[in-house]
Amino acid sequence: MVDSILEDVLAQFHQAADQMGLDDRYREYLTSWKTVFQTQFPVEMDDGSTRIFHGARVIHNAALGPTKGGMRYAANLTIDDVKALSMLMTWKCAIANLPFGGAKGGVVVDPATLSLGELENLTRRFTSELEPIIGPDKDIPAPDLGTNAQVMAWMMDTYSMSHGYTIPAVVTGKPVAIGGSEGRFEATGRGVLYLLEAQLSRQGSVRGKRVSVQGFGNVGSVAARLIHEAGGIVTHLSDRFVALHNPAGIDVPGAYAFAASGHNLKEWHEQSPDAAEIIAPEDVLTADVDILVPAAVESVLTGENAPRVRARLIVEAANGPTTMEADAILNERGVTIIPDILANAGGVTVSYFEWVQARQYLHWSEAQVNEELRRILDRAYEAVVTAAANNGHPISQRAAANRVGIERVTEAARLRGFYP
Ligand code: GLU
């Protein structure tokens, strides 16, 4: 049985709060959600019928600034998931030292079942419903599972048209042609590589390491490609449709180029069957590799499979891929986990750069974006490993990351005070 991600995220919070001796009033404040906005709205479908969709935007905490977080389109999305993911965004932004609080939102829908026109109608109507919540100084959406740069373009346009002028800073992750940032599309996957390099700089490098990547969407595909380019050997790779294995290393650039033209890994394998053998999806998680990168969805590492995980280093590219139970087992077994709120902070960090550029009508080069990204993530990594050393009583990177995040948000709340 997989626990709800909300239970796990709250349990992690309380664990860190206990270790820190956090004052009860902040404990209660930080386990409250500032705004939970839910809406049911109609969308006209291609066949002339009307369907009602359920959408939400949850703002967890705004002590550090305007709130930031993705918009997820998924058939199994629940309000508890959105609450959990918004809390993770609060800690993630704080750990990266961004001037943002945490939020998350989404619509209960499988976007693959919609035509492009229906997806646009849904996005525009949902954005109209969000009018009182979002804004460039208030709450700034971005892509997440099931959404992309095109969805952000529609959101930006809908919001802008209702205000009568273009407001590019209302969302991030837009196409570059309309004010998106260079490097934003790749940022989460690139951040995964940077964190991996920061971790391995103490024990060699990515070169020659065997890696298993679960997920071949925006995050997993870019992470796999950049790890391959850095000399890592991606022996296991999977998406929603197939899991693949090649002990000599999968042709990641080939798979990436094929996927970029709108295909999945199963179709790539059908086209080049000799490139890899098909394995059971679960085997990607328990593969005999040095590094495991879960880059798909939450709660995939569980109490059931954690004892069989063979990688000694896990980099959580997805949000919440490890249940509390699995986390305890993996810690006990001495497996190092770079936690989601640190490992995948590259996305929101370049979102911050995009927001800064939009507000200044400036355009940074990709080299500048990547250089600044590395600087911010290196600093975040240092803060977390310093907290993990815990004056000679080491704690896990997850516990340390939670502590850094909670400390920074609590400090902001304390300085600001509760008003009125
Ligand atoms: N959806 C991404 C995340 O979970 C990015 C959020 C953002 O850029 O605001 O971190």
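The first residue of the sequence shown is numbered 1, and numbering continues consecutively from there. Just so you know, ligand 1 is whichever comes first in the structure, and atom 1 is the first atom listed for that ligand.
A salt bridge does not link Asp290 with Lys209: none of the charged nitrogens is closer than 4.0 Å to a carboxylate oxygen.
Residues Glu316 and Arg398 are in side-chain contact: their nearest non-hydrogen atoms beyond the backbone lie under 4.5 Å apart.
Tested against Thr90, the residues His60, Lys68, Arg408 include a single side chain to side chain contact (heavy atoms under 4.5 Å, CB included) partner, His60.
Between Phe53 and Phe126, the ring centre distance reaches or exceeds 6.0 Å.
For ligand 1, the protein residues within 4.0 angstrom (heavy atoms only) are Lys68, Gly69, Gly70, Met89, Lys92, Lys104, Ala142, Pro143, Asp144, Arg184, Asn319, Gly347, Val348, Ser351.
Side chain of Arg310 to main chain of Leu285: no donor-acceptor pair is present (N/O by atom type, distance under 3.5 Å, no hydrogens or angles).
A cation-pi arrangement is present between Arg225 and Tyr256, with the terminal nitrogen or guanidinium carbon under 6.0 Å from the aromatic centre and inside a 45° cone about the axis.
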